[in-house]
Amino acid sequence: MKNLLDITGLTVDDVEKLLIKASAFKEGRALPTHPSHKLANLFYENSTRTRISFELAAANLAIPVVNFNSSSSSENKGEVLVDTMNNLAAMGIDLFVIRHSEEGIQEKLANDFTSNAIHIINAGDGQHAHPSQALLDLMTIRELKSHPIKVAIIGDIRHSRVANSLQSLFELMEIGELFLVAPKIWQPRKVHFGKVTSSLQEGIEGADVLICLRVQHERILESEQLNLIDYREQYALTVNNLKFAKPDAIVMHPGPVNRGVEIDSDVADGPQSVILQQVKNGVFMRMAIIDSLLAP
Ligand code: NCD
């Protein structure tokens, strides 16, 4: 693996190796160090979990990290991203974790930076992909459930890069059945895996895993607006709705959680929630990703 751009660039074997490596790191069974490498977090969109998770993952592997602040950078003076990267590479940075609103930008940059010494990790591109999130979600599911399972992704699927990457990963790894639950206006334009339904009950009936998504206001067009009170009434994960799923179903959310909108606090903090386990696993999965790029 030279870059991590999209789940579609991975094989079953790549994913299995990442899962094994991430678990070994979690159990403290192995701890490689890469002190001669340097990582830059280039985030052009807001982030808490993903940026800090990559920073901690690199620190755990003894890799120095620089955090680039797009609002105070020379890009405000007209410099383009590829020049920023060239300058950072001249200073010895060889790992670039990039989040950007432009879809496919990491892939374009990967085509510009063909040197084997430069590695690019996609930390989210617009509504397209968020591969490290999907991988840490699969790690969490695997710790708690064996395939085949029924998974439901619920909420604003149309604008979700997480839902997109999860579809690709669940298809690749043959996890079982996937339901994509959303009101008509937030249903995906393209589905590569899963059954779309606007019925929450149909989607979560007998499900083993419920993945709740944030309403992504920043990406919703005027014509796609929904009344949030109506949305909540029909689609929020509440203690009452959880009863449709299997009694031991797990509840997941990539964060940030909007309590009282897509999920109630009773559920987000309840006994079936594994949201913080996802966050914890994120550091180990990102260590596995970085280590696999450097030491395949
Ligand atoms: C997601 C993202 O940014 O795509 N969050 C995350 O990385 N954990 C989901 C979201 O913004 O709702």
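Below, each value reflects all heavy atoms present in this structure, side chains not excepted, and no hydrogens, waters or symmetry copies.
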Worked verdict on Asn3 versus Gln106 for side chain to side chain donor-acceptor pair (under 3.5 Å):
CA-CA 9 Å; Asn3 303 301; Gln106 294 87 349; over 6 Å; no
Do we see a donor-acceptor contact under 3.5 Å between the side chains of His34 and Asp291?
yes
Smallest separation among heavy atoms of His147 and Glu174, with atom names:
ND1-O, 3.9 Å
Quick one: do Val267 and Val239 satisfy side-chain contact (heavy atoms from CB on, under 4.5 Å)? Show the steps, please.
CA-CA 6 Å; Val267 177; Val239 170; 4.1 Å; yes
Side-chain donor-acceptor contact under 3.5 Å, Arg99 with His130
yes
Does this structure show an ion pair linking Lys17 with Asp13, if we count only N-O contacts that are shorter than 4.0 Å?
yes
Could you give the distance from CG (Leu226) to NZ (Lys184), rounded to the nearest 0.5 Å?
12.5 Å
Give me the atom names and distance for the closest heavy-atom approach of Met139 to Ala22.
SD-CB, 3.7 Å
Will you find, in the side chains of Lys26 and Asn281, an N or O donor that is under 3.5 Å from an N or O acceptor?
yes
Checking ring pair (Phe, Tyr, Trp, His ring centres under 6.0 Å) between Phe68 and each of Phe96, Phe43, Tyr44, which is the one that passes?
Tyr44
Side-chain donor-acceptor pair present, Asp137, Thr140, cut-off under 3.5 Å
no
So which heavy atom on Val97 is nearest to which on Asn41, and how close?
CB-OD1, 3.4 Å
Smallest separation among heavy atoms of Asp248 and Gln272, with atom names
C-NE2, 4.4 Å
Evaluate the side-chain proximity of Ile141 to Ile175: yes if any heavy-atom separation is below 4.5 Å, no if none is.
no
Provide the closest heavy-atom pair for Arg286 versus Ser53 in the form atom of the first, atom of the second, distance.
NH1-OG, 2.9 Å
For a salt bridge (charged side-chain N to carboxylate O under 4.0 Å, His left out) check, start with the C-alpha distance between Glu143 and Lys280, then their side-chain angles and the critical distance, and finish with the verdict.
CA-CA 13 Å; Glu143 286 178 338; Lys280 180 174 184 166; over 6 Å; no
Linked, directly or transitively: Ile154 and Val274 (ILVMFWY side chains, under 4.5 Å):
no
What one should report as the nearest heavy-atom pair of Gln187 and Ser198 is NE2-CB, 3.5 Å
Would Arg232 and Asp264 pass as an ion pair if we require N to O under 4.0 Å?
yes
